Amino acid sequence: MPNINKTYVGKIIQQKRKDLGLKQSELAEMIGISEKHLSKIETGKNFPALDNFFKLIEILKLSLGDFGTEEIDTSNLSSNKNKLKMVVNIASEQQINIYLDMIEVINHYIK
């Protein structure tokens with residue numbers, strides 16, 4: 001996965017918000033965060049929490065590709081499944097719970 005910095009993510013979110021004619025206060029309310037927190041995300045001081053990130057991309061009609069991430073190579077799916085199995089096999093109970101929470105959030109926003 002590419003190294004994506006906070007400023008880069010914030011600029012993409014800010015530009016898309018402006019392109020859609022939304023005020024920070026409006027977008028923040030739609031996401032369920034404070035305007036101050038959204039400002040910190042847009043200026044690169046904070047990353048959005050994972051659930052808020054997916055809300056942002058849904059509301060702003062962005063894709064992960066807009067942030068420089070690559071789509072999953074399905075020709076390598078078997079290898080990816082094996083990697084995932086290895087990660088789960090060595091994970092602690094706490095890590096597994098975090099992974100499951102992340103998967104639930106991701107599945108909620110993937111259509």
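Predicted, not measured: the structure shown is a model, and the values here were computed from it. Numbers here are sequence positions counted from 1.
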Side-chain heavy-atom pair Phe54, Ile106 within 4.5 angstrom cut-off: yes
Donor-acceptor pairs under 3.5 Å, side chain of residues 9-16 to any protein atom, not counting sequence neighbours: which ones?
| residue | atom | partner | partner atom | Å |
| --- | --- | --- | --- | --- |
| Gln15 | NE2 | Asp19 | OD1 | 2.8 |

Under 3.5 Å donor-acceptor pairs involving side-chain atoms of residues 93-105, not counting sequence neighbours:
| residue | atom | partner | partner atom | Å |
| --- | --- | --- | --- | --- |
| Gln95 | OE1 | Ser92 | N | 2.8 |
| Gln95 | OE1 | Ser92 | OG | 3.4 |
| Asn97 | ND2 | Glu93 | O | 3.3 |

Gap between atom CG of Leu22 and atom CD1 of Ile59 - 0.5 Å precision: 8.5 Å
Closest approach of [X] to [Y] (non-hydrogen atoms, all atoms of both residues):
X     : Y     : answer
Lys55 : Ile31 : NZ-O, 3.3 Å
Tyr8  : Asp66 : OH-O, 3.9 Å
Ile33 : Asn52 : CG2-ND2, 3.4 Å

From CA spacing to verdict: side chain to side chain contact (heavy atoms under 4.5 Å, CB included), Leu56, Leu27: CA-CA 8 Å; Leu56 281 164; Leu27 181 57; 3.8 Å; yes
side-chain hydrogen bond (donor to acceptor under 3.5 Å, both in side chains) contacts touching residues 21-39 (sequence neighbours left out): Gln24-Glu42
